[in-house]
Every structure is written in structure tokens, then in C-alpha cells.
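Numbering of ligands and ligand atoms starts at 1, following listing order. Because the structure is a prediction, the values reported are computed rather than measured.
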Amino acid sequence: MIRCFLPILALLLASSIAASAADGETQVLKWKDGKKACFLLGFDDSAPSQLKNVVPELEKRKIVGTFYLVTGNGVWAGTKAKWEEAAKSPYIVVANHTFTHKGVENAEGVEPELAKCNEVLYALHPERKQPYLMAWGKPGGVPWIVSKDEMKAALERNHLIERPPFAGPPINYKTQEATLAVVDQALAKGEMGYLVFHGVGGDWLVTPVEWFTALLDKLEQHRDELWITDCASWKKYTSERDTAEVKVVESNKNHIRLSLTDKMDPALYDEPLTLSTKVPGNWKSCSVTQGQTKTTAAIHDGVAQYAAVPGASDIVLQP
Ligand SMILES: [Zn+2]
């Protein structure tokens, strides 16, 4: 008899805690803009079919992709000008896939492979303040004889972050259905999902254009639930999020002041986090000020949602 009341009691307790959340109580949301899950698209080897069949589609649909470029081989020499043009798009994010894709036989071989590729990638964006973080994808099918520690140090020296292990069609996902199911899995789990491609409609390890188009259609259908981003932004957000600490400095009916810090280097980890803060019941909307940045946040169910950068000035919310 007593047992069956326990779940109800637990429920009542939980709901009364939620209702009594103090003004100023703040959470860092799991994914940017409060999205349900995250998705990354990657493209390897600077394959020319990507210039023809991927770049224009991503631009048209405003979907971000990470392009793991090899910048010191013959394929690159023949397409360099087109990649330089493509990299101007905010949807085409470049990343390091080594200079030659020939692999390395020892730790000494790593540095030039990473650094020489970085040099070409940095030249694509002279306007950016260096250094900044880029993603790195280990080349497949070639020797890579380097210890874990040596690799970690080399990546850090070159401000590179390692992407998740390779997974993509047609190698790991043999059908269109299996490829699209990766999106459903990410949504069902509320986690990050990703797919990496080589050739699309041509070149090598080819994914048919129809599969790719169906995938983009599906991503567009779920746009409201998915944070579709590049690999470095994903890494920055999750690293900042997982080490973030929010403190309520001051909270009253006229304003809320918060401090947001994390354990990452602010020069490299500069991705804004999405925060949600409980505000007084009579606030209809609020201004959010952090240093020189001022925005307006809508309030839903007594909670304001907005972006803020860890390690910068205090955040001030006012009705
Ligand atoms: Zn490759």
C-alpha cells in the first residue's frame, strides 16, 4: 500500500522543486540554442566531386560541413583556386587532413604533415586572428606510427582537435536507409551524430548523390531540433559546457547578475554557450548585457534563454 504512493510523492516533490527554482537559477544547455541533438557532416581528401556536388548544395540549404583538406598533393594543385573560393562561404569550414596523406613512419614525420597543411589552411583566412582551433582527421589506409602521447602533443602544438573516429557511407553504412538512420539515432539519444564522406557522385569511396540529397532533405526537416555545426565548434561548445560554472552574483526583482567561467583557454575556446535563467514572474522579456554585447531575450515559462561567452564579463539581465 505504502509502496504505490512513493512514486507520487517523488513526483510531487520534484515538481515543487522545479516550481520553487530561485530567480537567477541558471543552466548551461546541452546543445546550442536549446536544440535536441547535434549533427556534423565531414568530407575527406579534398575530393573534386565535393566541389561539384556538395559545396553548392550546402550553400543553397545553409547547412555547415567540415572539409578535411589535403593541401600538398596533385589533387590539391589542380583544384586549389576552387577551394580558395569555396572557403569564403560560412558553410564551408576547412580542417586539416595532413599535407600529403602519405602517413608517417615515426613521430618526427608528424610535425611537417600537420604544420604544412595548417599553413595553407591559415592562408585561406588571412582575416582571422591566429592561432585558432581547427579539426583534424587522421588519414586512413596509410601507416600512422606515432604514440598516443606524441600525437596529443603534436595536435596541441598545432591547435588541432581530433575528430571522432571515421564513420560514413559507403564504408560503414551500406545503404541510403542506414545512412539516414544516423540522424534518427542522434535525435533519439539527444547526442551528437556524424557522417564523413569521400567522393559524392564521383571520385573514390563514392556515396551516390541520391543518398546525399536524401540526407540533406532529412537534416532540413529536423532543422528545429538539430544543431548542425562544424567539428571544431562542437568540440569547443562541449568542452566549455562540461567545465562551465555559473554563479549568481546578485538577484532581485530589477536585475540578475551572473558570472560564467570555464576551465578552457578563452583565446581558443570562444564559442558562445546557450544559457537559461529563471527570472521574476512579471518579466515579459529582458535585456542581456555582457561587456559590450547587448541582446534581448524572450521569456518562456519564466525562463530567459540567451548566449554568453565564458570567462568574459559578468552577465546582467534586466526586464
Ligand atoms: Zn583521407
Side-chain angles (χ1 to χ4, degrees), residues 39-55 57-58 64-80 82-84 86-87 91-107 109-124 133-146 148 150-152 154-155 158-174 178-179 182 192-209 211-212 215 230-232 234-235:
F39 210 86
L40 314 177
L41 293 175
F43 304 91
D44 279 10
D45 298 348
S46 341
S49 62
Q50 295 164 5
L51 285 164
K52 183 169 171 256
N53 297 323
V54 176
V55 168
E57 275 301 306
L58 295 184
V64 175
T66 309
F67 290 78
Y68 296 85
L69 303 179
V70 177
T71 61
N73 63 8
V75 177
W76 177 259
T79 50
K80 183 173 179 272
K82 286 179 181 162
W83 285 110
E84 283 170 350
Y91 305 105
I92 311 304
V93 177
V94 299
N96 190 316
H97 196 40
T98 73
F99 191 64
T100 68
H101 206 294
K102 286 181 179 161
V104 293
E105 300 285 351
N106 51 52
V110 176
E111 187 62 25
E113 281 293 338
L114 302 188
K116 285 165 84 177
C117 183
N118 258 11
E119 203 179 308
V120 178
L121 299 179
Y122 274 128
L124 296 173
L133 290 179
M134 280 189 291
W136 179 73
K138 186 169 91 174
V142 292
W144 199 266
I145 305 160
V146 190
K148 245 186 163 163
E150 283 165 334
M151 200 55 224
K152 190 169 174 267
L155 290 174
N158 289 280
H159 307 101
L160 294 168
I161 49 137
E162 191 162 10
R163 74 176 180 197
F166 181 92
I171 303 167
N172 309 80
Y173 307 107
K174 311 278 182 205
T179 305
V182 178
M192 183 273 283
Y194 68 99
L195 289 164
V196 187
F197 300 81
H198 290 85
V200 176
D203 301 325
W204 49 94
L205 299 167
V206 182
T207 297
V209 169
W211 297 17
F212 185 63
L215 173 67
D230 68 282
C231 188
W234 160 74
K235 187 71 183 182

Anything under 3.5 Å between a donor and an acceptor, one on a side chain of residues 159-172, the other on a protein residue two or more places apart or in another chain? List them.
from: Arg163; atom 1: NH1; to: Asp44; atom 2: OD1; distance (Å): 2.8
from: Arg163; atom 1: NH2; to: Asp44; atom 2: OD2; distance (Å): 2.9
from: Asn172; atom 1: OD1; to: Gly168; atom 2: N; distance (Å): 3.0

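- Within the protein, the number of N/O/S atoms found under 2.8 Å from the Zn ion (ligand 1) is 3.
- The main-chain N or O of Val209 is never found under 3.5 Å from a side-chain atom of Asn53 such that the two would form a donor-acceptor pair.
- Screening residues 193-205 for side-chain hydrogen bond (donor to acceptor under 3.5 Å, both in side chains) gives Asp45-Trp204, Ser49-Asp203 as the qualifying pairs, with residues at least two apart or on separate chains.
- Relative orientation of the Trp144 and Trp136 rings is tilted, given thresholds of 30° and 60° on the angle between their planes.
- With sequence neighbours excluded, no residue satisfies salt bridge (charged side-chain N to carboxylate O under 4.0 Å, His left out) with Lys82.
- Between Trp83 and Trp76, the two ring planes are parallel [angle under 30°; tilted spans 30° to 60°].
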